[in-house]
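The structure appears below as structure tokens.
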Amino acid sequence: VSSFNANPSISNMEDVIKSLNNDTTASSGFYAETFSAKLSESLDKQQQLKAEIDQTVVTTTFPGGSTSDEFEMITRIMQTREARGSNRDIFFAEDGGYDTHSEVDASLLTNFARINGVLSAFVEELEVLGLWESTVVVQFSEFARTLDPNSNDGSDHAWGGQHFMFGGAVDGGKVHGKYPTDFQQGDADKLVLSRGRMIPTTPWDAMWKGTVEWFGIDPNSQPDKDGNTEMDIVLPMHRNFEGLPSEADLFTTATSPPTKSPAPTGPQTPTMSPTVSAGPTTQVVEIIIPMTKANVIEFYNIQDSYVYAVRDLRMETIVEHVCRKTISRWEIQRSTTCANPTSGLGSSTYIALSGAFMSSTDTNEFTIDIERVLPCDPADETLATVNMQLQHPDGTCYTHVHPQHLNVYDFTSWPALHPGGAYNIEKWAEDPNFGEGWNIDFPCAPNGSGQCGHPMARWIQGLNDLDYIARLGEDVNFSDLPLGLRTKAVSNFFGVGSDQLLIQGTPIITQSKSMGGLFD
């Protein structure tokens, strides 16, 4: 216990715990007896493991951080395998930050550099320990990303992706599965959906069958009394697929690893796909949901989900100036006279902006995104003109707004996290005195109260707990909704019964809900 809590509230905490869970009376129940025995056993084993780990040595310098700490601890636990009486170990490590609904390029550069440093140190330490030849690292995730970007320079949820595995005995440098010949929708193989979402051609089981054979599972074992072989028990779906890579396909030698502990492990990064396989028995269609104000409100009416478009986000620094950004967002008010039009702009700035508005192909009714750097007059790049407003000759008022202005997010997790209480998030859907049911205003309060006490840093921090859906006015595919909104109730409301699954344009590809699908 001391290794978990170096400063317990009483000095003899462990003795007290064991005393409370000591021999009990004859009237004690079986579950109480079992709990007490297992608790004492786990405390003893924890102390033994801690003592063994304290004796281990890591000679490689790991780069630091939570994922790095996990992999370094794995190398220490591997060194205790003889004391634990283990000749096979399985470890799980996780690396997050891949749900990149915005700024995907910058995020991946950072993430790849981090995980590359971690894995390089991990491999180096295993080579020092003599365990690299008996270790395989398998990376996996539950879904992939769209190949086409969204309006935030990000990617959204998709299906088909790729996994990787490596190890001292892995026969590497190969791609297993069907590589796409075309990434445009309507391809000859019918594998590409809208927004660059790929239909998988290789099942989840493909990377595991050969791996578990290498790990010691006999693919030709005698069936048990229920008719199941070892492979049936470990990988029950393998019978549904032909030609899954075997141990000989994945490893340099078709023999099980030595008794030094192999350690399948790997980061879980939300960048790969759930398996969709040709099989039983469902007609496939697609649901496209227009993210109108009315439909945003319906998520609360359907299932009490707090879905809002965010308004009133502030821009406070010169780096957010339209003349410095590769993408700028403008709110559109047609046939409207601007309330506070920006005056005194140089002719080059005005011509650049006017030309960008006129040539834009963005058809959103609420906002347009200008996706290029504009050749502004340098004199116009001031903090005073960050929030500029322009009256166009066609009668449209354009207001430069925060790049996430009128983005729609699932705020359902926020009531439990909000320091000011759940009501201040829930009221936007439930109280008609606040907003219109489809919006949330941050950081300012409505009705002219002028209460703008929240700094924008609160918004940036809170984004980690939000799931991006779409820009207000855009269409979103049901399969791209956050997990909490991909429900039968939502699919039924927006036009498809719960017995139908959702793939666009490929009626020959089907999926059984019992195999794991969109209604997770």
How long is the span from the [atom1] atom in [X] to the [atom2] atom in [Y], to the nearest 0.5 Å?
X: Leu472; Y: Asn295; atom1: CG; atom2: CG; answer: 10.0 Å
X: Ser42; Y: Leu49; atom1: OG; atom2: CG; answer: 12.0 Å
X: Glu320; Y: Leu313; atom1: CD; atom2: CG; answer: 10.0 Å
X: Met237; Y: Asn240; atom1: CE; atom2: CG; answer: 4.0 Å
X: Asp205; Y: Leu235; atom1: CG; atom2: CG; answer: 4.5 Å
X: Glu298; Y: Thr292; atom1: CD; atom2: OG1; answer: 8.5 Å

Heavy-atom side-chain contact between [X] and [Y] under 4.5 Å:
X: Ile53; Y: Ile77; result: yes
X: Leu353; Y: Leu390; result: yes
X: Met165; Y: Val136; result: yes
X: Thr396; Y: Thr336; result: no
X: Val138; Y: Met207; result: yes
X: Cys397; Y: Thr399; result: yes

Presence of salt bridge, [Y] and [X], under 4.0 angstrom:
X: Asp156; Y: Arg197; value: no
X: Arg486; Y: Asp480; value: no
X: Arg471; Y: Glu474; value: yes

Nearest atoms (heavy-atom pairs only) where [X] meets [Y]:
X: Gln162; Y: Gln139; answer: O-OE1, 4.0 Å
X: His321; Y: Met388; answer: CE1-CE, 3.8 Å
X: Val296; Y: Ala309; answer: CG1-N, 4.5 Å
X: Tyr468; Y: Pro482; answer: O-CG, 4.1 Å
X: Gly196; Y: Val192; answer: CA-CG1, 4.4 Å
X: Asp369; Y: Ile327; answer: CB-CG2, 4.2 Å

Problem set entry | Test side-chain contact (heavy atoms from CB on, under 4.5 Å) applied to Trp459 and Arg314, step by step | CA-CA 10 Å; Trp459 169 253; Arg314 292 197 301 256; over 6 Å; no
Exercise. Among Phe434, Trp438, Phe411, whose ring pair (Phe, Tyr, Trp, His ring centres under 6.0 Å) with Tyr308 holds?
Worked result: Phe411
Between [X] and [Y], does any side-chain donor sit less than 3.5 Å from a side-chain acceptor?
X: Thr382; Y: Thr385; value: yes
X: Gln303; Y: Thr487; value: yes
X: Tyr300; Y: Glu426; value: no

For this session: Go through the steps to decide whether Arg329 and Ser151 satisfy the test side-chain hydrogen bond (donor to acceptor under 3.5 Å, both in side chains), and finish with yes or no.
Result: CA-CA 9 Å; Arg329 177 164 293 183; Ser151 58; 3.1 Å; yes
Hey, does the side chain of [X] reach the backbone of [Y] with a donor-acceptor pair shorter than 3.5 angstrom?
X: His405; Y: Thr367; answer: no
X: His400; Y: Val386; answer: yes
X: Ser491; Y: Lys488; answer: yes
X: Ser305; Y: Val307; answer: no
X: Thr412; Y: Asp410; answer: no
X: Glu331; Y: Phe366; answer: no
X: Thr100; Y: Ser102; answer: no
X: His392; Y: Gly395; answer: no
X: Asn111; Y: Gly97; answer: yes
X: Asp312; Y: Phe442; answer: no

Does [X] have its ring centroid less than 6.0 Å away from the ring centroid of [Y]?
X: Phe71; Y: Phe62; answer: no
X: Phe166; Y: Phe122; answer: no
X: His157; Y: His101; answer: yes
X: Tyr398; Y: Phe357; answer: yes

For this session: List the steps and the verdict of side-chain hydrogen bond (donor to acceptor under 3.5 Å, both in side chains) for Asp148 and Thr146.
Result: CA-CA 5 Å; Asp148 289 352; Thr146 55; over 6 Å; no
For this session: Report the C-alpha distance between Tyr409 and Leu463 in whole Å, list the side-chain angles of each, state the deciding distance to 0.1 Å, and finish with yes or no for side-chain contact (heavy atoms from CB on, under 4.5 Å).
Result: CA-CA 9 Å; Tyr409 298 92; Leu463 269 176; 3.9 Å; yes
Exercise. When you look at Asp95 and Thr67, which way does the side-chain hydrogen bond (donor to acceptor under 3.5 Å, both in side chains) test go after all the steps?
Worked result: CA-CA 6 Å; Asp95 187 48; Thr67 304; 2.8 Å; yes
For this session: Show the numbers, then the answer: is there a side-chain contact (heavy atoms from CB on, under 4.5 Å) between Asn152 and Asn407?
Result: CA-CA 9 Å; Asn152 290 321; Asn407 277 356; 3.0 Å; yes
Exercise. Could you go step by step and tell me if Ser360 and Ile370 meet the side-chain contact (heavy atoms from CB on, under 4.5 Å) rule?
Worked result: CA-CA 7 Å; Ser360 173; Ile370 303 299; 4.3 Å; yes
Problem set entry | Stepwise side-chain hydrogen bond (donor to acceptor under 3.5 Å, both in side chains) check, Thr75 with Glu72 | CA-CA 5 Å; Thr75 67; Glu72 181 177 350; over 6 Å; no
